[in-house]
Amino acid sequence: MGSIAITTDRLSKIYDINRKNEVQALKDLNLRIKKGEIYGLLGENGAGKTTTVRILTTMIKATSGTASIFGNDIVTDSSAVRKLVGCLPQDAGLYEEFSAVENLNFIAELRGLYDEEKKSQITALIEMVGLEDRKNDRVETYSGGMKRRLMIARAMIGEPQVLFLDEPTAGIDVLVSRRVREIIKNLAKQKNITVLLSTHDMISAERITDRVGVLHKGVLIAEDTPSRIIQKYARDLNDLEDAVVNLIGWTGEANEVSA
Amino acid sequence: MILQSAWIIAKKEIRLLFKSTRRILLLFTTPLILFLVFAITIIMAVAVISTIEEPVEKPIEIFVIQDDGEINGTSWGVQFYTLLKTNNLTKDLHYTNKNVTELDRLLESNNFSILLYIPANFSEIINSSLPTQFFIYYDNTEIDNIRVVNYIIEVSLILNQQILFHYHGITNINRIYSTLKRTSIDSVDSTITAAEGFAASFITLIPLYAIMLLVIPSLSLVLISVTIEREQKTLESLILQPIRRRSIIAGKLLYGSILVCFNTMFTVVTIIALIALGYFIIPSSIKIEIVPILESMIRNAPLSVWIFLLYIIIGLILVSLLTITGAVFFSLVAKDEREANMVISALIIIPLVLTLLVAFLPVEEIDSVIQTILMFLPLLGYLFAIHISLVTGEIVFSAWLSLLAQLAWILIGIWVASRLVESEGILEISYKHLFRIRRKD
Ligand SMILES: Nc1ncnc2c1ncn2[C@@H]1O[C@H](COP(=O)(O)OP(=O)(O)OP(=O)(O)O)[C@@H](O)[C@H]1O
Ligand SMILES: [Mg+2]
């Protein structure tokens with residue numbers, strides 16, 4: 001058994017909506033994710049997936065609880081964590097007037113890459129996401145899916161050990177979606193990179209994740225391999241979507257959350 | 001560490017700058033404006049000059065009214081007049097004697113270049129060992145008149161008596177200049193006239209316009225560079241990188257400073273080029289007259305003038321940095337470029353309007369404590385300090401403190417902006433949220 005890549009311990013987050021109202025976005029989350037594992041985070045809108053990713057990538061601070069990446073505490077060793085981690089935020093953007101290469105160049109320099117190393121990584125990443133023939137065009141001329149692919153490449157600059165991908169396949173066509181899945185799978189299998197993936201794409205989750213966790217209103221209500229989740233919770237159809245729908249209960253209760 | 005990432009960020013901003021025509025135009029606004037203004041001025045000047053015929057050299061006529069009588073066999077008035085006619089400086093001038101009865105009529109008509117009036121009791125007062133007075137009336141719209149009056153003053157210093165000046169025509173730069181250097185010749189009446197105070201007010205506005213011209217384009221560019229991160233949602237991927245978050249602030253400040261330097265340099269080069277151009281265009285007859293005046297102004301400028309210039313330059317540097325820091329801070333809070341533009345425009349207009357007010361305020365009537373407090377304000381304080389210095393003719397101690405205050409404001413700005421970028425609210429912040437997040441911190 002490999003070492004533990006991501007550990008969280010009773011991680012909770014409370015947001016202030018305004019002066020009077022608060023939202024508990026995450027409640028006592030305990031995760032143990034192994035090195036090289038692809039972990040899928042599922043759950044309805046507002047379940048707390050993005051919040052988890054943001055806390056673990058040091059973008060925001062948890063209200064209580066602790067977490068660490070390869071033993072580095074996300075609060076006290078945040079700079080070590082940021083070196084180990086690559087992230088594709090849910091709602092990210094690119095410098096529209098820069099080309100793909102220029103966008104990657106900037107991030108590579110911030111991560112301390114220079115000259116040959118920088119060039120070879122950027123070339124490899126651009127090839128990986130299939131943007132070679134457009135790599136010198138301005139990003140503003142790209143389609144939504146091409147931008148998303150470039151952002152995946154950006155998340156992987158500096159060879160991070162842990163990748164956080166918040167809805168990587170949102171707005172991507174089936175062909176590219178399949179390609180992205182392959183990319184993620186290869187990363188985990190060949191380079192032994194740990195991937196935490198938040199997604200609404202049940203096919204991706206079912207096919208590439210080693211384990212999934214289902215969040216509901218900030219609480220982790222189930223955690224297992226996709227096949228066992230299906231086994232336990234699927235009723236009408238024998239797939240992950242049906243299992244998750246049954247799990248979180250597509251009832252008035254869930255409607256309340258998304259409203 | 002911070003500097004290295006700051007430089008990477010600044011470099012990125014510069015690359016981005018050249019990706020948009022709008023931003024390139026902004027960068028070159030100041031030189032373009034200057035170029036247009038100078039070009040129009042030169043074209044107009046050439047048009048005017050070409051219509052003027054070569055001026056005929058006409059000696060200045062000095063009217064002398066010698067009303068002094070004899071006391072104990074000597075007349076100091078006559079002696080003074082003789083002195084003027086024999087001294088090397090003044091002996092070649094063209095004197096015309098007038099009768100005292102004509103004095104009122106002459107003064108009323110203003111129909112003379114220079115009028116020297118030595119009053120009836122001149123000798124009497126000198127004999128009783130008191131300082132006496134004589135009067136010089138002149139038309140100060142003619143540079144030559146001023147020169148001649150200065151000669152007369154110099155000769156009269158031998159007598160060590162008090163001179164009262166009166167001039168008609170416009171206030172000119174020479175007078176402001178002598179206010180500034182606080183002409184130490186005791187005999188010169190150096191109280192500030194209303195006109196001079198007014199001129200000082202106008203001079204106060206010059207640094208303000210320099211700031212606007214040199215800093216505002218850079219300010220807009222910095223503003224864009226900060227708000228674009230939020231609008232294009234790149235801020236998130238920026239704070240995800242293994243860099244100190246405050247190096248984002250440092251990077252933007254560095255970018256802004258580079259822009260201001262570039263803009264200043266470019267403007268100076270433009271001005272020099274235009275002056276050189278003007279030098280070749282202006283007819284030599286005018287050059288011969290202007291160049292020596294400028295030369296003597298520079299050579300004879302007392303130390304205080306140079307210190308004053310130094311003060312202005314240090315202040316301009318500080319105020320530029322202050323403006324850039326302000327731009328970074330206020331656009332960091334804004335949710336988009338529009339909001340940032342609104343807030344920053346309002347903030348720029350306030351000192352502009354207040355400076356107009358302050359510049360034309362009778363300074364003597366402001367309490368000195370309030371004066372000092374005013375000088376501590378950001379941006380406005382510096383302009384006010386310049387105004388006070390111009391009016392009082394020296395750089396008062398609190399004016400130097402005002403520079404320190406500007407530095408303090410810069411540091412406060414950087415500190416607050418760093419705190420802001422390190423707080424987790426940075427991703428969602430807007431002016432609406434600002435108060436709430438500050439409260440939570
Ligand atoms: N900045 C914020 N301020 C206040 N509340 C927030 C903030 N961000 C998220 N929330 C709340 O926290 C809860 C969890 O949000 P989160 O973005 O983590 O959900 P998610 O699982 O990523 O949802 P989605 O599938 O829609 O992306 C939601 O109720 C949301 O309203
Ligand atoms: Mg989300």
message: I'd like to know if A:E102 and B:K12 make a salt bridge, using a cut-off of under 4.0 Å between side-chain N and carboxylate O.
response: no
- request: State whether A:E97 and B:R23 are salt-bridged, where the test is any N-O pair (Lys NZ or Arg NE/NH1/NH2 against Asp/Glu carboxylate O) under 4.0 Å.
  value: yes
- prompt: Just wondering, do B:L16 and A:F106 contact through their side chains at under 4.5 Å, heavy atoms?
  reply: no
field: A:R82 side chain near B:L240 side chain, heavy-atom distance below 4.5 Å
entry: no
Would you compute the distance between atom [atom1] of [X] and atom [atom2] of [Y] and round it to the nearest 0.5 angstrom?
| X | Y | atom1 | atom2 | answer |
| --- | --- | --- | --- | --- |
| B:S237 | A:L88 | OG | CG | 10.0 Å |
| A:I60 | B:I426 | CD1 | CD1 | 14.0 Å |
| B:K233 | A:Y95 | NZ | OH | 14.5 Å |
| A:I107 | B:T234 | CD1 | OG1 | 8.5 Å |
| B:S20 | A:E96 | OG | CD | 13.5 Å |
| B:K19 | A:S99 | NZ | OG | 6.0 Å |

So with a 6.0 Å cut-off around [atom1] of [X], is the heavy-atom count from everything else above 12?
| X | atom1 | answer |
| --- | --- | --- |
| A:E132 | CD | yes |
| A:E140 | CD | yes |
| A:K27 | NZ | no |

- request: Give the minimum heavy-atom separation between A:L110 and B:I243, together with the two atoms involved.
  value: O-CG2, 3.9 Å
Contact winner vs chain A - B:Q241, B:R15, B:Q4, heavy-atom pairs under 4.5 Å: B:Q241
query: Do you know which of B:K11, B:E236, B:R244 has the most heavy-atom pairs with chain A at a distance under 4.5 angstrom?
result: B:E236
Looking only at heavy atoms and a cut-off of under 4.5 Å, which of [options] has the most pairs with chain B?
| options | answer |
| --- | --- |
| A:A92, A:S79, A:G112, A:S78 | A:A92 |
| A:K83, A:M151, A:R54 | A:R54 |
| A:G93, A:C87, A:A80 | A:G93 |

message: Please classify the contact between B:E231 and chain A as side chain, backbone, both or neither, with a heavy-atom cut-off of under 4.5 Å.
response: neither
- request: Give, as side chain, backbone, both or neither, the part of B:I9 having an atom under 4.5 angstrom from any heavy atom of chain A.
  value: both
query: Counting distance only, does the side-chain N/O of A:R111 pair as donor-acceptor with the main-chain N or O of B:P242 below 3.5 Å?
result: no
task: Apply the test side-chain contact (heavy atoms from CB on, under 4.5 Å) to residues B:I239 and A:T58: give CA-CA distance (whole Å), side-chain angles for both, the deciding distance (0.1 Å), then the verdict.
output: CA-CA 9 Å; B:I239 63 175; A:T58 75; over 6 Å; no
